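The figures that follow rest on heavy atoms only: side chains count, while hydrogens, waters and symmetry mates do not. What you are looking at is a predicted structure, and each value in this text was computed from that prediction instead of being measured.
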Amino acid sequence: MKFFNLKYILISLVVLLFIFSSFSNVIKGERIAVLEINGVIENPKIYLINLEKIKSDKNIKGLIVRVNSPGGTVGSSQEIYNSLKDLRPDLPVVASIVDIGASGGYMISCGAEHIIANSGSITGSIGVISQYYNLSELLKFIKFDIEVLKSGKFKDTSSITKALSAEEKELINNLLVDIHEQFKEIVKIERKLNTKEIEIVSKGQIFTGKQAKELRLIDSLGGLNNAKQYIENKIGLTDLELDYYPKKKEKLIDKLIPSALVNKEFYRSITHKILYLYSPGS
């Protein structure tokens, strides 16, 4: 009988602890949200969902976007940038560049009203890249035939079975120029640069945080504490708690062999995407 009583007591304690934990996560005081954007950006969904959560929480008084990314796909970078810009009328939004906030990572930072970077951070890389692979000679060597049926002249542009024609190169280059101009226009408007200034910084080159400040690509040097202080000064509150997003739920598969990362890089290299991506050594 005593065993059963002890069993029920332990179960009740576990349930109460679970309820208390859930309750404490829901009820929080005034705080600053920190949205962490890490790695190559290929899908904005998780960030957009969390931005909606942040926007709907009336106890969140500001947002720090911690950027540690070399960029990513064009559309994803643009979506996150636009979402941050739309949030600015409701909350002070500060971008804090950690190690790297380049290319699409820098575009995202431009969605904030104030950009902070460490003096040794890497930023800039205002440009567009697209890589194409011609494996036709290899396919011939291994005697592997691929037949392509298409309904449009340019439908197989970027196929690994052939080299790009002059017309195809011109077509792709026109796309890159247009997308590059979109990027330049965002930086020009958000950073209040004139035509000469934007041309100087938008050749795809990278800058340290210190250089970026001199070129007015960022507003100040510093890290997370500086970003927090900027928001607290603006809203007139102090000692606010930092609340990190997305909420991390570590899975066992995340701890498995790092070859999954290698495979992901390989997949990215053979899928023909136009990217706002800083790629060292490419």
Side-chain angles (χ1 to χ4, degrees), residues 37-48 69-83 100-111 122-189 195 198-199 201-206 259-282:
I37 297 180
N38 297 312
V40 175
I41 302 153
E42 293 183 293
N43 187 342
K45 181 179 177 180
I46 186 66
Y47 301 116
L48 301 182
S69 170
T73 56
V74 172
S76 294
S77 302
Q78 289 175 332
E79 276 202 64
I80 299 170
Y81 157 76
N82 285 320
S83 295
I100 180 168
S103 207
Y106 178 68
M107 171 183 276
I108 288 169
S109 301
C110 286
I122 296 297
T123 188
S125 189
I126 301 166
V128 191
I129 187 171
S130 186
Q131 294 177 325
Y132 298 87
Y133 298 86
N134 174 17
L135 303 183
S136 58
E137 293 301 317
L138 175 62
L139 294 173
K140 286 180 186 177
F141 178 75
I142 62 175
K143 297 181 180 180
F144 189 85
D145 293 326
I146 298 177
E147 293 186 7
V148 177
L149 304 176
K150 59 181 181 179
S151 61
K153 181 179 180 180
F154 297 108
K155 193 62 181 174
D156 64 341
T157 298
S158 81
S159 169
I160 63 171
T161 62
K162 66 182 185 66
L164 290 170
S165 68
E167 284 183 290
E168 288 172 329
K169 287 180 181 178
E170 183 180 3
L171 177 71
I172 294 167
N173 189 62
N174 288 337
L175 286 174
L176 297 179
V177 169
D178 181 68
I179 294 170
H180 189 202
E181 289 300 320
Q182 294 177 36
F183 196 169
K184 287 165 62 177
E185 187 65 15
I186 286 172
V187 177
K188 183 180 179 181
I189 292 171
T195 302
I198 188 60
E199 290 302 326
V201 300
S202 60
K203 298 174 183 176
Q205 70 271 54
I206 58 172
S259 61
L261 295 175
V262 177
N263 292 337
K264 188 175 181 182
E265 289 297 330
F266 176 73
Y267 172 77
R268 185 183 298 122
S269 72
I270 63 172
T271 53
H272 306 300
K273 295 179 181 179
I274 296 176
L275 304 167
Y276 286 140
L277 183 66
Y278 165 58
S279 302
S282 65

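Once rounded to the nearest 0.5 Å, the distance linking CD1 of Ile80 with SG of Cys110 reads 13.5 Å. Between Leu164 atom CG and Lys169 atom NZ the span is 6.5 Å, to the nearest 0.5 Å. The OG atom of Ser76 sits 7.5 Å away from the CD1 atom of Ile41 when rounded to the nearest 0.5 Å. Atoms NE2 and CG, from His180 and Asn173 in turn, are 11.5 Å apart once rounded to the nearest 0.5 Å. To the nearest 0.5 Å, the span separating CD1 on Ile37 from OG on Ser77 amounts to 9.0 Å.
Side-chain polar atoms of Asn82 and Gln78 form no donor-acceptor pair below 3.5 angstrom.
Within a 6.0 Å sphere centred on NZ of Lys45, heavy atoms belonging to other residues, nucleotides or ligands number 12 at most.
In this structure a side-chain-to-backbone donor-acceptor pair under 3.5 Å is missing from Ser202 to Ile126. Not a single donor-acceptor pair under 3.5 Å links the side chain of Asp178 to the backbone N or O of Asn174. Remark: side-chain polar atoms of Glu167 are not paired, donor with acceptor, to backbone N or O of Ser165 under 3.5 angstrom. Between the Ser159 side chain and the Thr161 main chain, a donor and an acceptor come within less than 3.5 Å of each other.
In plain terms, the two heavy atoms of Lys162 and Asn134 that are nearest each other are C-OD1, 3.4 Å. Taking every heavy atom of both residues into account, Tyr81 and Met107 meet most closely at CD1-O, 3.5 Å. Residues Gly101 and Thr123 approach most closely at O-OG1, 2.8 Å, considering heavy atoms. Nearest heavy-atom pair across Ile129 and Gln131 is CD1-NE2, 4.0 Å. Between Ser103 and Gly127, the closest heavy-atom pair is OG-O, 3.6 Å. Taking all atoms of both residues into account, the shortest heavy-atom contact from Ala102 to Ser125 is CB-CB, 3.9 Å.
Two residues are said to be in side-chain contact when any heavy atoms from C-beta on lie closer than 4.5 Å; Ile108 and Tyr47 fail this criterion. By the 4.5 Å heavy-atom criterion applied to side chains, Val187 and Tyr106 are counted as neighbours.
Using a cut-off of 4.0 Å between Lys/Arg side-chain N and Asp/Glu carboxylate O, Lys188 and Glu185 are scored as not salt-bridged.
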